[in-house]
Amino acid sequence: MSAVRPWRPPRGPVVCVGETMAAMSPAPPDTLDGAESVRLSVAGAESNVAMYLAELGLPVSWLSAVGDDALGRRVTGAVGKAGVDVSGVRTDPGRPTGLLLKDPDPDGTRVHYYRKGSAASALGPGVLDDKRVGAAALLHLTGVTPALSPSCGALAERALHTPPHERTHAVSFDVNHRPALWPPDTAPSVLRDLADRADIAFVGLDEAQGLWGADLAPADVRGLLGGPRVLVVKDGGRGATAFTDEGVCTVPAPAVEVVEPVGAGDAFAAGFLAGLWRGPGLTGALRLGHIAAASALTVVGDHGPLPEEAAIEALLARPDDDWNASAPLRR
């Protein structure tokens, strides 16, 4: 394994902040317009990360808001059932819980959002005054949040306003660009600025190319985002590269039969963060990110079951030249 030992946040509670919606999708191979029934689940980038972190043994809370409705109760119940502390989630009596519809297609899943005016879109900087944030070792948020509303943008800005050396906790930021949520020509500068102020930043190479230049290579992305102590550039099914001041580490992705890609990036982020938390180096963190991502890739929903702990440990211990051979990536 790589000898690179990066900076890592101290061990302690993690807080994830952002919107989670109720999600409806038909079972493959049905499409939304032809299905006679749909499955109800929950979907949210930050709560996806929180659920995986809880499953990997980290103490984690999710802060958000839901409507005073059945979908809000479904969302909060599902996230809490995964072992996440949801006691800080606010119920908004005047705004609904957001909803999304997934429409699977051979050329890719299309997602239709119904989240305008949702309870979570009214979140603002005040959510960061929660006692859980004050006690956290790590705060995680994504680029979805600042796109939801001006108040959510102010939330993200406040979360990353304090310079890293003055923060009481580390901040992790996943670019998670959703073009449909942004006014034209606004996302590139906002997301670059926020990501560059994080301690740990995640971005897909395809995202970076769409935002900042079609010809970018992973090293070029590091040139644009020099601020994070740890920058992870994910290159789809090929692999992921982590950049730190101590060195660079690339780990190829294992072969996986993909059912649906939605949620894999969140799973990867959680696996990587848990890997840093466990220590000691980048190789193990990147491998755990890939293992978690594979669990999401092999299910229709955003969250799939991880392998048993013994299987995870065996995968993490494999020699480099045998790492991405056929492996038990599902229960």
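All values derive from a computational prediction rather than experimental measurement. When a residue number appears, it is its place in the shown sequence, counting from 1.
D196 places a side-chain N or O within 3.5 Å of a backbone atom of G227 that can act as its donor or acceptor partner. Using modelled atom types, no side-chain atom of W323 and backbone atom of V251 make a donor-acceptor pair closer than 3.5 Å. No side-chain donor-acceptor contact under 3.5 Å links R229 to the backbone of W7. Here the side chain of R222 pairs a donor or acceptor atom with the backbone of L225 at under 3.5 angstrom. Looking only at distances, a side-chain donor or acceptor of T244 sits under 3.5 Å from a matching main-chain atom of G247. Checked by atom type and distance alone, the side chain of D199 pairs as donor or acceptor with a backbone atom of V171 at under 3.5 Å. S149 places no side-chain N or O within donor-acceptor distance of the main-chain N or O of A122, the cut-off being under 3.5 Å. Under a 3.5 Å cut-off, the side chain of E207 and the backbone N or O of G204 do form a donor-acceptor pair. A donor-acceptor contact shorter than 3.5 Å links the side chain of R167 to the backbone of T162. A donor-acceptor pair is defined here as one N or O able to donate and one able to accept, closer than 3.5 Å; no such pair exists between the side chain of T76 and the backbone of R73.
The 12-atom threshold is exceeded at CG of D33, counting heavy atoms of other residues, nucleotides or ligands nearer than 6.0 Å. Within a 6.0 Å radius of NE2 in H161, other residues, nucleotides and ligands contribute 12 heavy atoms or fewer.
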(request) Any chance you could lay out the side-chain hydrogen bond (donor to acceptor under 3.5 Å, both in side chains) test for T142 and D174, step after step, and finish with the verdict? (result) CA-CA 5 Å; T142 80; D174 189 339; over 6 Å; no
(message) For a side chain to side chain contact (heavy atoms under 4.5 Å, CB included) check, start with the C-alpha distance between V232 and F243, then their side-chain angles and the critical distance, and finish with the verdict.
(response) CA-CA 6 Å; V232 180; F243 296 87; over 6 Å; no
(request) Apply side-chain hydrogen bond (donor to acceptor under 3.5 Å, both in side chains) to E19 and S121, showing your working. (result) CA-CA 7 Å; E19 179 171 37; S121 71; over 6 Å; no
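Counting all heavy atoms, side chain and backbone alike, A54 lies closest to A82 at CB-O, 3.5 Å. Smallest separation of non-hydrogen atoms from P96 and G117: CD-O, 3.5 Å. In plain terms, the two heavy atoms of N48 and D266 that are nearest each other are ND2-OD2, 2.9 Å. Nearest heavy-atom pair across P164 and R197 is CG-O, 4.2 Å. Between V15 and A136, the shortest heavy-atom contact is CG2-CB, 3.8 Å. The heavy-atom pair separating V17 from T145 by the smallest distance is O-OG1, 3.9 Å.
Inter-residue side-chain proximity for W182 and P146 is flagged as met; some heavy-atom pair is nearer than 4.5 Å. Side-chain contact between K81 and M51 is absent, with no heavy atoms from C-beta onward closer than 4.5 Å. Residues V233 and F202 fail the side-chain proximity criterion, which asks for heavy atoms closer than 4.5 Å. Under the 4.5 Å side-chain criterion, counting only non-hydrogen atoms from C-beta, V42 is not in contact with M21. Residues S118 and T97 are not in side-chain contact: their nearest non-hydrogen atoms beyond the backbone lie 4.5 Å or more apart. The shortest side-chain heavy-atom distance between V49 and W62 does not fall under the 4.5 Å cut-off. Between Y113 and L101, the closest side-chain pair of non-hydrogen atoms is not below 4.5 Å. Side-chain contact between I312 and L288 is present, with heavy atoms from C-beta onward closer than 4.5 Å.
Stacking of R11 on the aromatic ring of W277 is recorded, both the 6.0 Å distance cut-off and the 45° axial limit being met.
Here the SG atom belonging to C16 is positioned 13.5 Å from the OH atom belonging to Y52, to the nearest 0.5 angstrom. Atom-to-atom distance recorded for L205:CG and D220:CG is 9.0 Å, nearest 0.5 angstrom.
Of the candidates V75, T20, V66, V66 is the only one forming a side-chain contact (heavy atoms from CB on, under 4.5 Å) with V89.
A salt bridge links D92 with R90: the distance from a Lys NZ or Arg NE/NH1/NH2 to an Asp or Glu carboxylate oxygen falls below 4.0 Å. A salt bridge does not link R95 to D69: none of the charged nitrogens lies less than 4.0 Å from a carboxylate oxygen. Ion pair E313/R278 flagged as a salt bridge, since at least one NZ, NE, NH1 or NH2 atom sits closer than 4.0 Å to an Asp/Glu carboxylate oxygen.
Between R132 and S87, the side chains place a donor N or O and an acceptor N or O closer than 3.5 Å (distance only, hydrogens not considered).
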